[in-house]
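Below is one structure; the comments refer to it alone.
Below, chains carry the letters A, B, ... as their sequence lines are ordered, and counting in each starts from 1. All values derive from a computational prediction rather than experimental measurement.
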Protein chains: 2
Amino acid sequence: MATRKRRTPELAREEILEAAETRLQKYGLEGLNVADVAADCGMSHATVIHHFGNTAGMRSALVSRMTHRLLHDIIDSLQQGITQPEPLLHKLFGTLSEGGHARLLAWTHVSEEALDQDQARTAHMQSLFAELVPALTDSLPAGKADPDLTRKLIFLSAIAAIGYGIAGETLAPLIGLAKKDQKQFPDWFAEQINKLSNTP
Amino acid sequence: MATRKRRTPELAREEILEAAETRLQKYGLEGLNVADVAADCGMSHATVIHHFGNTAGMRSALVSRMTHRLLHDIIDSLQQGITQPEPLLHKLFGTLSEGGHARLLAWTHVSEEALDQDQARTAHMQSLFAELVPALTDSLPAGKADPDLTRKLIFLSAIAAIGYGIAGETLAPLIGLAKKDQKQFPDWFAEQINKLSNTP
DNA sequence: ATCCCTATTGACATAGTTGTCAATAGGGGT
DNA sequence: ACCCCTATTGACAACTATGTCAATAGGGAT
């Protein structure tokens with residue numbers, strides 16, 4: 001029909017994931033189907049499937065991309081000498097609670113089809129964490145002193161941020177948390193992490 | 001055709017939710033559709049829809065039921081004089097990480113259709129938390145002294161348990177948490193909560 | 001210019017699931 | 001025994017979304 005736009009595979013994937021990410025924030029997970037994503041890119045849904053194999057592949061790639069960006073932001077911060085928990089945790093909580101990041105992450109663990117893509121994504125995650133965790137234990141105040149404790153605190157921070165991103169908005173009023181306390185929760189949490197890492 | 005089994009509406013709903021819960025643990029969220037649930041109950045899927053309005057209604061009712069049970073277990077423990085964080089948090093983390101509880105909870109926050117059922121479920125949750133939170137602040141060691149801090153700690157416990165239930169299994173090895181530390185994480189977490197609530 | 005690889009596409013097949021509806025049949029109340 | 005309410009059902013009608021396939025057309029290489 002009309003003229004087609006031919007892209008390199010890399011560019012095509014990039015465009016698709018970009019559109020997918022926008023749709024995710026705008027419409028949530030339901031908006032993350034090949035037909036609509038393709039429409040936003042101005043291509044047919046068959047093209048999307050061609051590049052990612054299937055729908056789950058596309059979503060999975062998006063998870064990888066978003067997580068990759070988040071973890072590398074943190075790694076970059078560390079390399080810039082930012083070693084206090086506050087800014088790091090702020091970024092962690094903020095990113096996960098915005099743009100549907102935590103929700104997409106939840107889909108990863110909730111959906112059966114997502115499991116098919118698991119090996120690839122897990123491998124990618126492994127390499128990311130293999131880079132991040134040592135960087136954290138090295139640069140955090142109490143990291144070298146007690147790497148074991150540090151790993152537990154990292155783990156706690158991660159699951160808390162995920163839970164916060166998914167259910168925080170709902171849970172806070174139910175528990176009777178003041179609006180202000182809700183907003184400042186990541187900062188408060190960082191304080192507590194500080195206290196716990198200084199306790200011998 | 002063959003003879004029908006006629007139940008009271010209450011019993012029917014009960015049977016359906018029971019089967020749904022079993023399917024949830026066995027097959028995850030994908031197993032939670034009216035057709036399969038109905039088959040497990042030995043009834044037609046039209047009956048399920050008759051009792052819950054639609055599929056989302058059934059899932060939503062299941063969320064309510066499971067959460068109700070969890071929170072009431074905790075309330076009961078409190079009334080039996082169990083006021084140390086350890087056993088309470090143990091129950092919280094354990095329940096959420098088993099039987100797909102946290103995952104179903106995530107669906108609540110991830111799915112658009114779930115939002116239609118939100119008012120009813122939110123109302124139910126409000127009444128549950130209205131019962132639980134005062135009970136906690138009253139009976140917990142540091143509760144009366146600093147109810148504000150206590151609410152924050154409750155909030156932290158809740159989101160941590162949810163994140164743990166969803167992603168804990170995946171995250172622990174990536175962060176390099178020893179298997180032992182992973183298993184005992186809820187206990188360790190309880191310790192930290194203790195420390196934080198004793199800090200003035 | 002010509003060739004060739006492959007990104008792109010429209011049409012199609014299909015699978016799965018949901019929700020509706022009129023008809024049927026338990027079983028409690030009289 | 002008879003009525004009546006409603007739980008139950010099978011069949012039907014979409015719809016949604018996915019994935020396949022053969023055909024088409026960019027655009028780099030020769």
Side-chain angles (χ1 to χ4, degrees), chain A residues 1-20 23-24 26-62 104 107-108 110-117, chain B residues 1-20 23-24 26-63 104 107 110-117:
Chain A
M1 295 248 60
T3 70
R4 302 178 181 182
K5 191 190 221 167
R6 191 189 176 95
R7 295 152 266 237
T8 68
E10 298 74 33
L11 183 60
R13 290 173 62 96
E14 195 58 28
E15 262 185 54
I16 293 167
L17 292 182
E18 192 62 36
R23 281 195 76 75
L24 176 65
K26 252 178 145 173
Y27 306 104
L29 267 183
E30 335 270 291
L32 229 47
N33 51 46
V34 279
D36 290 337
V37 170
D40 282 5
C41 297
M43 60 178 69
S44 95
H45 85 275
T47 302
V48 177
I49 291 185
H50 170 74
H51 284 293
F52 292 100
N54 54 33
T55 303
M58 177 193 75
R59 294 182 178 177
S60 187
L62 182 57
L104 180 57
W107 169 81
T108 290
V110 158
S111 162
E112 284 300 317
E113 36 178 0
L115 294 186
D116 301 344
Q117 311 289 332
Chain B
M1 297 247 57
T3 68
R4 301 180 182 181
K5 191 189 214 168
R6 191 188 177 96
R7 294 151 268 237
T8 66
E10 298 76 32
L11 183 59
R13 290 173 61 96
E14 194 58 28
E15 263 184 54
I16 293 167
L17 293 182
E18 191 63 36
R23 282 196 74 77
L24 176 65
K26 252 176 144 172
Y27 306 104
L29 267 183
E30 334 270 289
L32 229 48
N33 52 45
V34 280
D36 290 337
V37 170
D40 282 4
C41 296
M43 60 177 71
S44 95
H45 85 276
T47 302
V48 176
I49 290 184
H50 171 73
H51 284 293
F52 292 101
N54 53 32
T55 303
M58 177 192 75
R59 294 182 178 177
S60 186
L62 183 57
V63 178
L104 179 57
W107 170 81
V110 158
S111 161
E112 283 300 317
E113 37 176 3
L115 294 185
D116 301 342
Q117 310 289 332

Leu11(B) has an atom CG; how far is it from atom C1' of dG26(C), in whole Å? 14 Å

Could you check which of dG10(C), dT9(D), dA7(D) has an atom nearest any side-chain atom of Ala46(A)? dG10(C)

Residue closer to the 5' end of DNA chain D, Ala12(B) versus His45(A) (nearest nucleotide): Ala12(B)

From CE of Met43(A) over to P of dA25(D), roughly how many Å is that when rounded to an integer? 18 Å

Student check: side-chain heavy atoms of Val63(B) and Arg59(B) closer than 4.5 Å: no

Let me spell it out: for each of Lys5(B) and Leu32(B), pick the nucleotide of DNA chain C with the closest heavy atom. Which residue's pick is nearer the 5' end? Leu32(B)

Which atom of Trp107(B) lies closest to which atom of Ser60(B), heavy atoms considered: CZ3-N, 4.2 Å

Spacing of Thr108(A) atom OG1 and Leu62(A) atom CG [to the nearest 0.5 Å]: 9.0 Å

Arg4(B) (side chain) and dT24(C) (base): donor-acceptor pair under 3.5 Å: yes

If you look at every heavy atom in Thr55(B) and Val34(B), which pair is closest and at what distance? OG1-CG1, 3.7 Å

Under 3.5 Å, side-chain donor or acceptor atoms of residues 39-52 of chain B against the rest of the protein: list the pairs with distances, not counting sequence neighbours.
| unit_1 | atom_1 | unit_2 | atom_2 | d |
| --- | --- | --- | --- | --- |
| Asp40(B) | OD2 | Arg23(B) | NH1 | 3.0 |
| Ser44(B) | OG | Ala46(B) | N | 3.2 |

Under 4.0 Å, heavy atom to any atom of DNA chain D: which of residues 49-61 of chain A qualify? Ile49(A), Asn54(A), Thr55(A)

For dT8(C) and Arg7(A) - does any side-chain N or O of the residue sit under 4.0 Å from the phosphate oxygens OP1/OP2? yes

For dT9(C), take OP1 and OP2 only and decide whether either is under 4.0 Å from a side-chain N or O of Thr47(A). yes

Along DNA chain C (nearest heavy atom to each residue), the more 5'-positioned of Ser44(A) and Asn33(B): Ser44(A)

Interatomic distance where CD belongs to Glu15(B) and C1' belongs to dT8(D) [whole Å]: 13 Å

Atom-to-atom span, CZ of Arg23(A) to P of dA17(D) - whole angstrom: 10 Å

All heavy atoms of Leu17(B) vs all of Met58(B), minimum pair found to be CD2-O, 3.9 Å

Is there a side-chain contact between Arg6(A) and Arg4(A), using heavy atoms and a 4.5 Å cut-off? no

Select one nucleotide: of dC5(C), dT9(C), dT18(C), the one nearest the side-chain heavy atoms of Arg6(A). dC5(C)

